Every structure is written in C-alpha cells, then in structure tokens.
Amino acid sequence: MKPIYEIRSGALAGFNLLVPQLGGQSSDFLAQVGLPADCTRRPNILIPIATLVDLLNLCSRDLSCSDFGLRLAGKQGLRMLGVLGKLILESENLSSALTVTHRYMVLHNQADHWKIYQTDDCLIAERVNHFPDAIPAQQYTELSVGAACRLIQEMVGSKVSPRSVSFRHKPQSPLSSYQNFFGIEASFEQDRDRLVFDGSLMNYPLAKPSSGLMRYFEEFSKCLLAEHKGDISRQVQVLILQTLGAQQHSLEQISRLLGMPMRTLQRRLNEAGTSFKQLVQGARMKTARWHLRASSIDVGLLSASLGYTDISAFSKAFRAIHGSSPLQWRKRQAINC
C-alpha cells in the first residue's frame, strides 16, 4: 500500500486572511476539497498533501491569482511553527534557530524536508520532495520556498534578500511577482528548489518578537490543549510532538507548558494508566516508523530530529520495540511494498 503523505494544517496559516482579500470565501474553498471550515484554526490537523495541492490550485484558478502560493507564504513565518515558534525565539542566533526548525520540519511535514548547510560564504536551503512528481504541486512548492524565505527573514528581523532562488518548475506567474517577493530574480527549470543566503546571517542574533506574535503563541497553546480537554495523555503527547525537534520535551518543560507542577502531571498520567516516559517513546516510535517507511530521510537526521543523542541510542530503542534496527526495518518495508 502506498503511503499517504500528510502535512499539518498549520501550512494554511494566513489562508483566512488572503482568500477574502482576493474576493473569495475561505470556507467555500475548504469545503470543495473536503476540509472542515475550522481547520485553519486547528493547526495540528494532518491533511493529505494531495488535498492541500488541490486547494492551492483551486484558489489560484478560481481567484485568478497565479501567485497564490507566494502570497500565502507572505503571510507566514514563525507562526507556522506553533508551540515551537515561541521556543525558537530563545535561540542564541540564526544558526541554532535553524537547527531546531530543521528538526521540527523533518518530523511535522511528510510532504518534503529541507537540507540546510553552509558552503564557503553561503547559507543554502534545498527542498527535498517526498511525494510523486506527477502531482501538479507548483503552487505548493512556491508556498514552501516562499515560507522558508519569510521564516529566515522574520528570525533575523531585517529585510535581507536571498542571493539566489531557484525552482524546478516553470514560472507560474509574471516574473515580477517573484522579483517583488524575493527581492531578486528567480531562476526556473533548475535541478532543485533552493534558497541561497549570505553565510554571515548564521551568526545574526534573533530579532525581538512583537507583542502580537507573542499573543499568537499564547493563544495557539491554549487552542492546542483545548482540542484534547480532559485527556491529559493526549495533551502531553501533542506537546511532546511539538517540541521533539527542539529537544525541549523534558518532563519539566512539558509541565511548564501545561502550567502544572511536575508531580501533579506525573500523578495524573499515572491515573490515566501511562507515564511520561511511555508517551515520549510512543511519539518517537510512531514518527520514526512513518518516515522510515515513506521517506528517504537519512537515519542520522531522523535520530537527531527525534531527540536522540546519537544513532546508536536511536537504534537500540527502535530494536527493543521492533526487533530490528531502523535500517533493517526500512528494508523490510520496501520489500513488502
């Protein structure tokens, strides 16, 4: 059975603002692709990437907006990272913030992931696609690349422009749209989707967040927990998944996010028939299985993104539950498929 590639509904951040500006009704477009009207206010719903692609293409066509993906990207940034966005603001500089962001995106976006590295004096971010190329995902690709650009710009708090921007597909809108968004000319029909920035940005300190952004994060956390009101196990599990990439998923940190003393949290989990350690392990293994089965992600990157200190620790934990190493398990899944 082929895997279903999914992405958090947080990828639609700004959708309810953009569509009315273009003369449309957000709920109408969401309904046409089978998504609930409130999914944009519940950023942790997993939706098939094919559904998101259909939605973006539908909006682009019916709203006569060929640069819809880019326009939506312009309304995103740290907000699309949810709880982690607030934690990232505590990073020392852009380098450490991108490390955390990268791990988070690996875990929470099954549609693609980013390779972020430095070479000479350049900061390079390359998009790696997971789902079939047959899906007409140009609008989604432009949303993804544009959102990554805006994320870096919002982190450093200055109007920096990339040195270069490249896409694998042909232009979807007038070239001026890309010039206006990125501040430079974009290249098309290249071998990869890529952003290149000045490498000195990695040492930039993070900008002080606005009061509006901090209010957003507080409201986000409240809404996230409200979805699972009365289910302490599920609330903890959701927060663990939100913070794994940042390696900020300790009992102390999760209890702080819940506004609950550690001992109280431990007692309530025990009453629910589980423990914090079990929930961490369950969240890690569920995420690991999906990526090993459905993506080509390097096991070392997956291990780090799940919060393990090294590959051997990840392999030992995985083998204890599944009876084989992550690589062996991945090979068996490929044979079975």
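Worth knowing before you read on, the calculation uses all heavy atoms, side chains too, and leaves out hydrogens, waters and symmetry mates. Keep in mind the model is a prediction, meaning the values are calculated, not measured.
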Using only atom types and a distance under 3.5 Å, with no angle test, would you say the side chain of [X] pairs donor to acceptor with the backbone of [Y]?
X: Ser166; Y: Arg192; answer: yes
X: Gln190; Y: Phe188; answer: yes
X: Arg8; Y: Leu81; answer: no
X: Gln235; Y: Leu225; answer: yes
X: Glu154; Y: Leu78; answer: yes
X: Thr287; Y: Ala283; answer: yes
X: Arg284; Y: Phe314; answer: no
X: Asp193; Y: Val145; answer: no
X: Glu189; Y: Lys170; answer: no
X: Gln76; Y: Ala148; answer: no

Over all heavy atoms of both residues, which pair between [X] and [Y] is shortest? Give the atoms and the distance, please.
X: Ala125; Y: Trp114; result: O-CZ3, 3.4 Å
X: Cys39; Y: Leu30; result: SG-CD2, 3.9 Å
X: Phe217; Y: Arg79; result: CE2-CA, 4.4 Å
X: Gly273; Y: Gln278; result: O-OE1, 4.4 Å
X: Ile47; Y: Ser9; result: CD1-CA, 4.5 Å
X: Ile49; Y: Ile7; result: CD1-CG2, 4.4 Å

Check whether the side chains of [X] and [Y] place a donor and an acceptor atom closer than 3.5 Å, and report yes or no.
X: Arg332; Y: Ser324; result: yes
X: Asn16; Y: Thr40; result: yes
X: Arg330; Y: Gln333; result: no
X: Glu142; Y: His169; result: yes
X: Ser96; Y: Glu92; result: no

Start with the C-alpha distance between Arg319 and Gln328, add both sets of side-chain angles, then the distance that settles side-chain contact (heavy atoms from CB on, under 4.5 Å), and finish with yes or no. CA-CA 10 Å; Arg319 185 186 295 275; Gln328 291 170 335; 3.8 Å; yes
Is there a path of hydrophobic side-chain contacts, each under 4.5 Å between heavy atoms of I, L, V, M, F, W or Y residues, that connects [X] with [Y]?
X: Leu123; Y: Val128; answer: no
X: Leu70; Y: Leu175; answer: yes
X: Ile124; Y: Leu98; answer: no
X: Leu306; Y: Trp329; answer: yes
X: Leu201; Y: Val196; answer: no

Under the side-chain contact (heavy atoms from CB on, under 4.5 Å) criterion, do Glu271 and Ile232 qualify, and how do the steps go? CA-CA 10 Å; Glu271 291 171 351; Ile232 188 64; over 6 Å; no
How many angstroms lie between [atom1] in [X] and [atom2] in [Y], if you round to the nearest 0.5 Å?
X: Leu17; Y: Lys75; atom1: CG; atom2: NZ; result: 5.5 Å
X: Tyr140; Y: Asp112; atom1: OH; atom2: CG; result: 3.5 Å
X: Asn203; Y: Asn93; atom1: CG; atom2: CG; result: 6.0 Å
X: Met202; Y: Ile152; atom1: CE; atom2: CD1; result: 8.5 Å
X: Lys316; Y: Asp310; atom1: NZ; atom2: CG; result: 10.5 Å
X: Arg163; Y: Asp121; atom1: CZ; atom2: CG; result: 4.0 Å

Does Gln25 have more than 12 heavy atoms from other residues, nucleotides or ligands lying within 6.0 Å of its CD?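 Count not over threshold, so no.
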Glu185 atom CD, over 12 foreign heavy atoms within 6.0 Å: no
Non-hydrogen side-chain atoms of [X] and [Y] separated by less than 4.5 Å:
X: Leu63; Y: Leu58; answer: no
X: Cys149; Y: Pro162; answer: yes
X: Ser26; Y: Pro20; answer: yes
X: His228; Y: Gln237; answer: no
X: Gln138; Y: Phe167; answer: no
X: Tyr117; Y: His102; answer: no
X: Phe181; Y: Arg71; answer: no
X: Asn180; Y: Asp67; answer: no

Check step by step if salt bridge (Lys or Arg N to Asp or Glu O under 4.0 Å) holds for Arg256 and Glu252. CA-CA 6 Å; Arg256 179 160 54 90; Glu252 179 183 0; 5.9 Å; no
Please determine which of Lys115, Arg168, Arg194 meets the salt bridge (charged side-chain N to carboxylate O under 4.0 Å, His left out) test together with Glu126.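 Output: one option passes, namely Arg194.
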Check step by step if side-chain hydrogen bond (donor to acceptor under 3.5 Å, both in side chains) holds for Arg150 and Gln153. CA-CA 5 Å; Arg150 282 293 183 264; Gln153 291 172 328; 2.7 Å; yes
Show the numbers, then the answer: is there a side-chain contact (heavy atoms from CB on, under 4.5 Å) between Leu292 and Val299? CA-CA 8 Å; Leu292 290 170; Val299 173; 4.2 Å; yes
cation_pi(Arg61, Phe68) dist<6.0 Å, angle<=45: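 Output no; distance or angle outside limits.
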Under a 4.0 Å threshold between the charged nitrogen and the carboxylate oxygen, would Glu218 count as salt-bridged to Lys222?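 Between Glu218 and Lys222 there is no salt bridge, as every charged N stays at least 4.0 Å from the carboxylate O atoms.
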Run the side-chain contact (heavy atoms from CB on, under 4.5 Å) test on Leu56 and Leu72 for me, step by step, so that the C-alpha distance in whole Å, both residues' side-chain angles and the decisive distance to 0.1 Å come before the verdict. CA-CA 9 Å; Leu56 297 176; Leu72 185 57; 4.0 Å; yes
